[in-house]
Amino acid sequence: MGIKKTLALGVASAALGLSLIGGGTYAYFSDTAESTATFAAGTLDLNTNPVEVVALNNMKPGDIAVRSFQLKNDGTLDIKQLSLVTDYTVTNAAEAAANTEDLGGHYKVKILDASYTSGSIAGHVVQEVTFKDLKALSELNLLTLPEFSGGISAGTSKNFKVAFEFVENNNDQNQFQGDGISIKWTFNAKQGIGELK
């Protein structure tokens with residue numbers, strides 16, 4: 001063979017070898033798979049019953065009014081933090097002179113234990129505080145109360161039982177005749193800390 005044919009044959013052989021090597025790099029098994037996941041956030045849904053503002057009218061010093069609030073967790077997450085924020089307004093009787101004292105300081109909230117059903121509240125009071133002092137707090141941590149320790153599990157409810165007392169202080173309280181006091185309570189619920197799922 002001539003030198004030209006030999007060179008041409010060598011170049012062709014090299015090109016064929018390179019194409020086989022190059023082509024071989026694309027000849028491998030492959031597969032793909034997709035994984036999908038759905039993440040849904042849980043919910044906190046605290047409902048109270050009754051939901052209206054508590055109005056204390058036509059009370060005289062020494063009177064006590066008992067009320068029960070049902071705190072229900074309609075969410076999917078447990079409530080692990082629960083607090084109470086208090087606000088109130090005093091309505092001064094139209095014919096009376098302006099009060100020299102805050103009527104909220106003459107009313108006490110007596111928090112009752114879970115075993116109270118009716119009748120005398122003696123022996124059932126676990127904590128008491130005036131409306132004035134309760135309003136001054138940024139919030140009252142309800143988890144410090146035995147019946148709320150552990151919070152409120154999802155789908156369950158607990159009762160918050162209280163007695164409102166117009167305190168008889170054995171002094172002249174005539175400035176409050178005809179006055180009314182309306183209490184607004186806000187219950188704040190939070191979840192617990194995150195957990196490994």
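Since this is a predicted model, take the numbers as computed values, not measurements. All values below were derived from every heavy atom in this structure, side-chain atoms included, with hydrogens, water molecules and symmetry-related copies excluded.
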E165 bridged to K110 by N-O distance under 4.0 Å: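 Yes, this pair counts.
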Distance check, rounded to the nearest 0.5 Å: [X] atom [atom1] versus [Y] atom [atom2]?
{"X": "E128", "Y": "D133", "atom1": "CD", "atom2": "CG", "answer": "11.0 Å"}
{"X": "K184", "Y": "T86", "atom1": "NZ", "atom2": "OG1", "answer": "11.5 Å"}
{"X": "I152", "Y": "L77", "atom1": "CD1", "atom2": "CG", "answer": "13.5 Å"}

Which class fits the ring pair F166 and H106: parallel under 30°, tilted 30 to 60°, perpendicular over 60°?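 Perpendicular: the ring planes of F166 and H106 meet at over 60°.
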Using 30° and 60° as the class boundaries, would you call the ring planes of F164 and W185 parallel, tilted or perpendicular?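 It falls in the tilted class, 30° to 60°.
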Short side-chain to backbone donor-acceptor contact, [X] and [Y], under 3.5 Å:
{"X": "D63", "Y": "K60", "value": "yes"}
{"X": "D78", "Y": "K80", "value": "no"}
{"X": "E101", "Y": "Q173", "value": "no"}

For the hydrophobic clusters of this structure (ILVMFWY residues joined by side-chain heavy atoms under 4.5 Å, transitively), does one cluster hold both [X] and [Y]?
{"X": "V129", "Y": "L142", "answer": "yes"}
{"X": "V167", "Y": "I121", "answer": "no"}
{"X": "L134", "Y": "M59", "answer": "yes"}
{"X": "L145", "Y": "F187", "answer": "yes"}
{"X": "I111", "Y": "I64", "answer": "no"}

Sole candidate of V126, V66, V162 that passes side chain to side chain contact (heavy atoms under 4.5 Å, CB included) when paired with L112: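 Single side chain to side chain contact (heavy atoms under 4.5 Å, CB included) partner of L112 among V126, V66, V162: V66.
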We want to know whether Y116 and N159 form a side-chain donor-acceptor pair, criterion being a heavy-atom distance below 3.5 angstrom.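 N159 and Y116 do not have a side-chain donor-acceptor pair below 3.5 Å.
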Could you tell me whether Y88 and Y107 have their ring centroids closer than 6.0 angstrom?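 When the ring centroids of Y88 and Y107 are compared, they turn out to be at least 6.0 Å apart.
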Over all atoms of both residues, closest heavy-atom pair of A114 and E147: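 Minimum heavy-atom contact is CB-CB, 4.0 Å.
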I need the minimum non-hydrogen distance between D113 and G123, along with the two atoms involved.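 Nearest heavy atoms, D113 then G123: OD2-O, 3.9 Å.
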